[in-house]
Number of protein chains: 2
Amino acid sequence: MTRYAAAVTPPSYHHGDLRRTILAAAVGAIAETGPAGWSLRELARRAGVSHAAPAHHFGDKTGLLTAVAAEGYTLFAEALEGAGTDLHDVGLAYVRFAVDHRGYFEVMFRPDLHRADDPELTAARDRADGVLMRGVRDVRDFAPGGPGDERTAAIAAWSIVHGFADLWLSGALPADLGGDPVAAARPVIGLLFTR
Amino acid sequence: MTRYAAAVTPPSYHHGDLRRTILAAAVGAIAETGPAGWSLRELARRAGVSHAAPAHHFGDKTGLLTAVAAEGYTLFAEALEGAGTDLHDVGLAYVRFAVDHRGYFEVMFRPDLHRADDPELTAARDRADGVLMRGVRDVRDFAPGGPGDERTAAIAAWSIVHGFADLWLSGALPADLGGDPVAAARPVIGLLFTR
DNA sequence: GGGCAATCTTGCCAATGACAAGATTGTGCT
DNA sequence: AGCACAATCTTGTCATTGGCAAGATTGCCC
């Protein structure tokens with residue numbers, strides 16, 4: 001006969017969409033205060049359920065973060081695929097995703113936070129990796145010396161966009177770059193391509 | 001009349017070098033299990049002191065991480081300065097530092113873990129930033145269009161080495177790159193310079 | 001409509017970070 | 001030498017947390 005605190009929907013024993021609610025709350029919390037700035041119990045309170053409810057869907061905290069990373073890689077692959085075939089555009093989409101979906105991005109590249117061998121996660125990650133590598137292969141300018149240079153070029157492109165995104169998110173870049181990270185990244189990434 | 005567990009030195013009420021001991025233990029723990037894979041009490045136990053002893057030197061956990069970041073930026077500036085004036089070498093020193101001093105590096109670029117406005121920290125960070133920017137200015141190839149392009153080039157160089165280091169540390173890069181990250185980074189970074 | 005699995009709850013425990021108050025020791029001043 | 005005082009470290013305590021166990025409630029399928 002206990003009542004629930006949040007109650008957008010009428011109170012019932014079964015939440016209905018707890019897994020998604022907790023997942024979304026986690027992503028939001030990570031984006032705001034980092035991967036360590038919240039607690040499982042806090043998310044449960046915010047969702048209007050008991051402190052042990054999330055455990056049924058995710059096991060433990062690492063399980064929740066694994067689910068965040070897996071969904072993150074799926075959205076990531078979709079975002080990169082949607083950017084077209086031009087590597088420059090894919091790179092900008094990379095930066096855009098990191099900034100717009102910070103809550104996912106901050107977990108995806110941190111194997112100490114999630115279970116990196118999770119099947120669902122590895123599948124989504126392999127898909128995203130495939131988009132990245134395919135994008136590079138489509139640019140011939142990058143392979144002057146054979147297949148070995150092709151991978152070097154892929155890693156260079158990956159590094160520069162990943163580095164820019166990470167530096168932007170950490171606030172390390174100069175403030176006068178403006179408020180639009182994608183616009184700021186454009187000439188930076190361009191430096192890798194123009195010769 | 002209590003005795004101490006660790007006791008490399010004969011037990012005494014005053015540890016003698018607790019601040020340094022805890023700091024070093026924290027850096028080691030972060031390198032091994034990440035910024036969240038340990039506890040203040042665990043470090044205190046390992047140092048052979050009571051659970052509240054570290055608080056006197058660092059205040060709270062954030063204070064300890066702030067000290068780690070500050071010392072990290074100091075070592076970082078020294079490492080970059082020691083690499084000479086060639087931007088390529090500075091970039092490799094950047095990667096080398098990230099890998100060799102992972103415990104520092106993982107905290108330095110994570111403002112949600114430390115107090116980014118700490119005076120000692122900002123001073124050390126400004127010094128490291130100065131080395132980076134100075135290194136870029138010394139390379140004229142990067143400024144074909146005026147002072148604006150110079151900063152773009154600096155950010156590009158910074159992004160590619162930072163991105164490579166972060167991807168390497170996260171284990172995201174292909175395994176067949178070999179075990180030496182600096183050697184693997186050399187041709188990647190080189191792609192930014194050769195035209 | 002009855003069994004059954006999924007979902008969620010309450011209750012509990014050890015560990016943690018933070019704080020308060022007290023004990024011990026080194027240091028400087030007279 | 002002796003004494004006040006500050007620095008350092010300890011014990012004790014508390015709220016919060018993650019995780020586990022056991023039980024309650026509900027939806028679903030035969």
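Here salt bridge (charged side-chain N to carboxylate O under 4.0 Å, His left out) pairs that include residues 29-42 of chain B, with residues two or more places apart or in two chains, are Glu42(B)-Arg46(B). The list of side chain to side chain donor-acceptor pair (under 3.5 Å) pairs with a residue in residues 115-124 of chain B, not counting sequence neighbours, reads Asp60(B)-Arg115(B). Screening residues 63-73 of chain B for salt bridge (charged side-chain N to carboxylate O under 4.0 Å, His left out) gives Arg20(B)-Glu71(B) as the qualifying pairs, with residues at least two apart or on separate chains. For the side chain to side chain donor-acceptor pair (under 3.5 Å) condition, the pairs that include at least one residue of residues 165-180 of chain B, sequence neighbours left out, are Arg151(A)-Asp176(B), His162(A)-Asp166(B).
We find that CG of Asp17(B) is positioned 11 Å from P of dT8(D), with the value rounded to whole Å. Look at NE2 on His51(A): it is 9 Å from P on dT9(C), rounded to the nearest Å. One interatomic measurement links the two molecules: CG of Leu43(B) to C1' of dG17(C), which rounds to 13 Å at whole-angstrom precision. Atom-to-atom, CG of Leu18(B) to P of dA7(D) comes out at 16 Å; the value is rounded to the nearest Å.
Using cut-offs of 30° and 60° on the angle between ring planes, the pair Phe97(A) and Phe76(A) is tilted.
With sequence neighbours left out, Arg102(B) forms a salt bridge (charged side-chain N to carboxylate O under 4.0 Å, His left out) with Glu106(B). Listed by chain and number, the residues in a salt bridge (charged side-chain N to carboxylate O under 4.0 Å, His left out) with Arg19(B) amount to none (sequence neighbours excluded). In this structure, Tyr104(A) has no ring pair (Phe, Tyr, Trp, His ring centres under 6.0 Å) partners at least two apart in sequence or on a different chain. Not counting sequence neighbours, the partners of His88(B) by the ring pair (Phe, Tyr, Trp, His ring centres under 6.0 Å) test are Phe193(B). Every residue two or more places apart in sequence or in another chain was checked for a ring pair (Phe, Tyr, Trp, His ring centres under 6.0 Å) with His51(B), and none qualifies.
Within residues 52-67 of chain B, the residues approached by DNA chain C to less than 4.0 Å at the level of any non-hydrogen atom are Ala52(B), Asp60(B), Lys61(B), in residue-number order. Less than 4.0 Å separates DNA chain C from no heavy atom of any residue of residues 25-37 of chain B.
For Arg45(B), a side-chain nitrogen or oxygen approaches OP1 or OP2 of dT16(C) to under 4.0 Å. Within the 4.0 Å cut-off from OP1 or OP2 of dA15(C), not a single side-chain nitrogen or oxygen of Ser39(B) is found.
Closest contact between the side chain of Arg41(A) and the listed nucleotides dA18(C), dC12(C), dT9(C) involves dC12(C). In the set dG12(D), dT10(C), dC9(D), the nucleotide with an atom closest to the side chain of Ser50(B) is dC9(D).
Side-chain contact between Asp126(A) and Tyr73(A): absent, with no pair of heavy atoms (C-beta onward) separated by less than 4.5 Å.
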Base-pairing string, 5' to 3', of DNA chain D - Watson-Crick or wobble, under 3.5 Å, | interstrand: ||||||||||||||||||||||||||||||

